[in-house]
Amino acid sequence: MTVAATFEIEYLQYLGEDGKPVGELPEAFRDPKALLPLFKQMLFVRTFDSKAIKLQRTGKLGTYAACLGHEATHVGIGASMKPEDVFAPSYREYGAQFMRGVKPRDVLLYWGGDERGNDFADAPHDYPWCVPISTQCLMASGAALSFKLRKQPRIAVAVCGDGGSSKTDFYAALNSAGAFTSPLVLCVVNNGWAISVPRSAQTGAETLAQKGLAGGLYCLQVDGNDLIAVLEAMRRATERARSGQGGSVIEFMTYRLHDHTTADDASRYRDDAEVQAGWTREPMLRLRTYLTDQGLWSEAQETAWIEECGRLVDIEINAYLETPVQPVEAMFDYLYADPPPELLAQRQQAIDREGRA
């Protein structure tokens, strides 16, 4: 028999579920002090997430997509990018976006139904949130190709979920990136569920990472609850991209500890035992243990920092709540640069019905 091709997918993990190293740490991340500010950022994201859910439950926020359990993946991605790079998120990468300059009040504005929250003034290179899954991957691939054509030392990073990796947009993005050796990093956050569809029911691929092989991309599967593994995977992928070696697909294995959104009831399709098992593997627990063992973190420090996070998040919440509501005709202001006549007529009708000139 003649074999046309064979392949292997490397799996990265450096911290076990007990917070102990499972092997030699990568050279770039052997100093545990470098992980401390990232752990604090993860705590900030979790604090924000919790308060945003409470806002929604009290009717002060619309449907909200929690990121509970994804903190290591999101913060690791954000820490690995440069300001001039382009980030194409889905709709829950708050940890990465905060590190890119997006304000928490912008996140709240968006989920409060205000499109001004989708205009990232402090992250001007980044794409707005994308609710139609994986369409942002193709946009990022186009941005990456433009960087190559212009000979700019920039990269594009897109994030989608495990369900999103089965969309045609995802395949088109990786195929074009491979064909043109573009500096694209496609990150697949595999939390096991495409809303209510289990990973086993939406693809027959042994790994999601291997999907990139068809496009000629560098592929990795990573323990997405291990911040060190996330950072090392992103280091490899971003260095390859910046040096002209082409794109990558990274599959981050993690778990969604909350419902898909506040409009979802995950107990209808997954059992309590699965969720409880997820809590034993979650990223905060293992990194907290590691930093504590290194003498860099304590319960008192965590209590003090969580209090500070709460204060900082409350400032953002108040800024969101105090933002004047836009008039009803503002719904027409975010669709076209030059609205067609029929929309302008509808806009005027909205103004007239409110009795305003």
Side-chain angles (χ1 to χ4, degrees), residues 17 42-77 89-98 104 107-108 110-113 129-136 159-167 170 187-205 207-208 221-227 230 251-288 313:
E17 295 175 12
M42 290 165 63
L43 276 172
F44 177 83
V45 174
R46 184 162 289 191
T47 302
F48 169 83
D49 206 48
S50 175
K51 285 180 174 283
I53 292 170
K54 291 176 182 176
L55 275 179
Q56 191 278 333
R57 299 305 192 207
T58 55
K60 297 177 181 178
L61 200 66
T63 300
Y64 174 78
C67 64
L68 185 65
H70 291 189
E71 296 89 354
T73 297
H74 294 172
V75 169
I77 290 171
S90 60
Y91 46 80
R92 75 171 86 240
E93 279 75 52
Y94 316 124
Q97 290 180 293
F98 292 161
V107 175
L108 297 174
Y110 174 77
W111 290 112
W129 282 297
C130 192
V131 174
I133 59 174
S134 280
T135 55
Q136 72 276 12
V159 181
C160 70
D162 41 306
S165 74
S166 292
K167 287 287 298 296
F170 177 82
C187 301
V188 182
V189 180
N190 183 357
N191 59 38
W193 291 90
I195 307 184
S196 60
V197 179
R199 178 244 187 269
S200 60
Q202 60 93 9
T203 180
T207 70
L208 303 185
Q221 189 183 73
V222 181
D223 184 341
N225 294 326
D226 174 1
L227 179 63
V230 173
E251 177 186 6
F252 295 105
M253 307 295 292
T254 183
Y255 192 76
R256 169 164 51 84
L257 294 168
H258 196 270
D259 298 333
H260 176 69
T261 69
T262 51
D264 175 43
D265 179 8
S267 65
R268 298 173 62 187
Y269 52 83
R270 61 183 191 184
D271 58 38
D272 289 341
E274 178 183 320
V275 178
Q276 290 304 314
W279 277 105
T280 67
R281 303 189 299 272
E282 63 104 350
M284 303 295 301
L285 177 63
R286 87 173 59 177
L287 188 55
R288 178 188 295 113
V313 172

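Small disclaimer: the values here were computed from a predicted structure and weren't measured. Heavy atoms only: backbone and side chains are in, while hydrogens, waters and symmetry mates are out.
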Side-chain contact test, heavy atoms from C-beta onward, threshold under 4.5 Å: evaluate it for [X] versus [Y] and give yes or no.
X      : Y      : value
His70  : His258 : no
Trp279 : Tyr255 : no
Cys160 : Gln136 : yes
Met253 : Asn190 : yes
Val159 : Phe252 : no

Would you say [X]'s side chain and [Y]'s backbone share a donor-acceptor pair under 3.5 angstrom?
X      : Y      : value
Asp162 : Trp193 : yes
Glu71  : Leu43  : no
Asp271 : Glu274 : yes
Asp49  : Leu68  : yes
Ser165 : Leu208 : no
Lys51  : Val313 : no

Could you state the interatomic distance from [atom1] ([X]) to [atom2] ([Y]), rounded to the nearest 0.5 Å?
X      : Y      : atom1 : atom2 : answer
Lys167 : Gln202 : NZ    : CD    : 11.5 Å
Leu61  : Leu108 : CG    : CG    : 6.0 Å
Ile195 : Arg256 : CD1   : CZ    : 8.0 Å
Asp226 : Glu17  : CG    : CD    : 10.5 Å

Shortest non-hydrogen contact between [X] and [Y], atoms and distance:
X      : Y      : answer
Glu282 : Leu257 : CB-CD1, 3.8 Å
Ala205 : Arg199 : O-NH2, 2.6 Å
Arg46  : Gly69  : NH2-N, 3.9 Å
Pro283 : Met42  : CB-CE, 3.9 Å
Gly95  : Val45  : CA-CG2, 3.5 Å
Trp129 : Ser90  : CD1-O, 3.1 Å

Notebook entry, point to check: What residue among Val188, Leu227, Val189 forms side chain to side chain contact (heavy atoms under 4.5 Å, CB included) with Thr73?
Noted result: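 Result for side chain to side chain contact (heavy atoms under 4.5 Å, CB included) with Thr73: Val189.
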
- Query: Does one side chain, of Gln221 or Thr207, offer a donor that lies under 3.5 Å from an acceptor on the other?
  - Reply: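 Side chains of Gln221 and Thr207: no pair found under 3.5 Å.
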
Using a distance-only test with no angle check, is there a side-chain donor-acceptor pair under 3.5 angstrom linking Thr254 and Asn225?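 There is such a pair between these side chains.
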
For Phe170, which residues count as a ring-ring contact (aromatic ring centres under 6.0 Å, His included) partner, sequence neighbours excluded?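 Expected list: none.
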
Notebook entry, point to check: Would you call the rings of Trp111 and Tyr91 parallel, tilted or perpendicular if under 30° counts as parallel and over 60° as perpendicular?
Noted result: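 If you compare the ring of Trp111 with that of Tyr91, the planes turn out perpendicular.
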
Q: Hey, can you tell me if Tyr64 and Tyr94 have their rings parallel, tilted or perpendicular (30° and 60° cut-offs)?
A: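 Parallel, since the angle between the ring planes stays under 30°.
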
